[in-house]
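Please read the structure below before turning to the comments.
Atoms within a ligand are numbered from 1 in the order they appear, just like the ligands themselves. Each residue takes its place number in the sequence, starting with 1. For clarity, every value in this text was computed on a predicted model and none was experimentally measured. What you see below is based on every heavy atom in this structure, not just the backbone, and it leaves out hydrogens, waters and symmetry mates.
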Amino acid sequence: MDETKLLKAARVLKNSEFSMAFTGAGISVESGVPPFRGEGGIWSKYDPRTLELNYFYANPLESWEVIRELFYNFFGDAQANDAHKALAQFEEAGLLHCIVTQNIDNLHQQAGSSKVYEFHGNSQKLKCVQCKNYYSPDDIDFESLPPHCECGGLIKPDFIFFGESIPMAAYQKSVQAAAQAEVVILIGSTGEVMPAAQIPYMAKQNGATIIEVNTETSNFTKSITDIYLNGKAGAVMRELYKAVTGEALN
Ligand code: APR
């Protein structure tokens, strides 16, 4: 870890009146949740078409078999890691205002973060496409797919499929945060997917300092990143937490 960059990141965080985090799949890799792109990426094993809205409506069983394997059988018992915990403890210490996440794994909430704006929704909520009734994963019999509501409608996970619009409330709160942010901690994202990846760019345009934590460079690194902390999210965030607070992450 580059000590000087770490201390510089700690200094800007400590002096910031309004810091936010922007997270992608990379923050959850150490929790056992594979990324979408890069080594072992989901899209190298599964056809992204199965998560396109029109394809899901036309082939609900095929899509649901992929959805069950990816988001319910496998991810169901993932636990928040030190990177999620560091952000939650920064929030508790008044050092982080909110998190904008592209992830649907609920691990920020599990770590104790309360202001989490979910750009792509959350896999822990499911909704009937007909009567809009909400369900939790415990209500679903994953042995009889595709699941249907009492009203007969198809049940869909309440996360955003390709071709689906971003939840308005999450979008608006994220844009507001980007307008106020003095610092953005950008963790584990390629920056490949819009409009989510616009948020760090908006913050940069408003004068924010961008701290990026990633094992590789991303679309952000060469364009907007000011302080690039190369490494795994868990280890880097443990070090950053210690450099900012003087205490070890508990
Ligand atoms: N620590 C930090 N970063 C990591 C780690 C790790 N342990 N492991 C992987 N990464 C980085 C990779 O280098 C990459 O930059 O995490 C990023 C993962 O990239 P993506 O899988 O593209 O994740 P993300 O940017 O969140 O994808 C955006 O694409 O398919 C859609 O809706 C999906 O929200 C997702 C969106």
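Using bins of under 30°, 30° to 60° and over 60° for the plane-to-plane angle, the ring pair Phe162/Trp43 lands in the tilted bin. Relative ring orientation between Phe161 and Phe56 is described as perpendicular, the plane-to-plane angle rising above 60° on a 0-90° scale split at 30° and 60°.
With respect to the salt-bridge test (charged N to carboxylate O, under 4.0 angstrom), the residues Asp226 and Lys204 qualify.
A distance limit of 4.0 angstrom between heavy atoms and ligand 1 selects the residues Gly24, Ala25, Gly26, Val29, Glu30, Pro35, Phe36, Arg37, Trp43, Gln102, His120, Phe162, Gly188, Ser189, Thr190, Gly191, Val193, Asn214, Thr215, Glu216, Gly231, Lys232, Ala233.
Screening residues 160-169 for salt bridge (charged side-chain N to carboxylate O under 4.0 Å, His left out), with sequence neighbours left out, gives Lys156-Glu164.
Proximity of the aromatic rings of Tyr117 and Tyr171 is defined here by a centroid distance below 6.0 angstrom, and this criterion is not met.
With rounding to the nearest 0.5 angstrom, the CD1 atom of Ile211 is 7.0 Å from the OG atom of Ser19.
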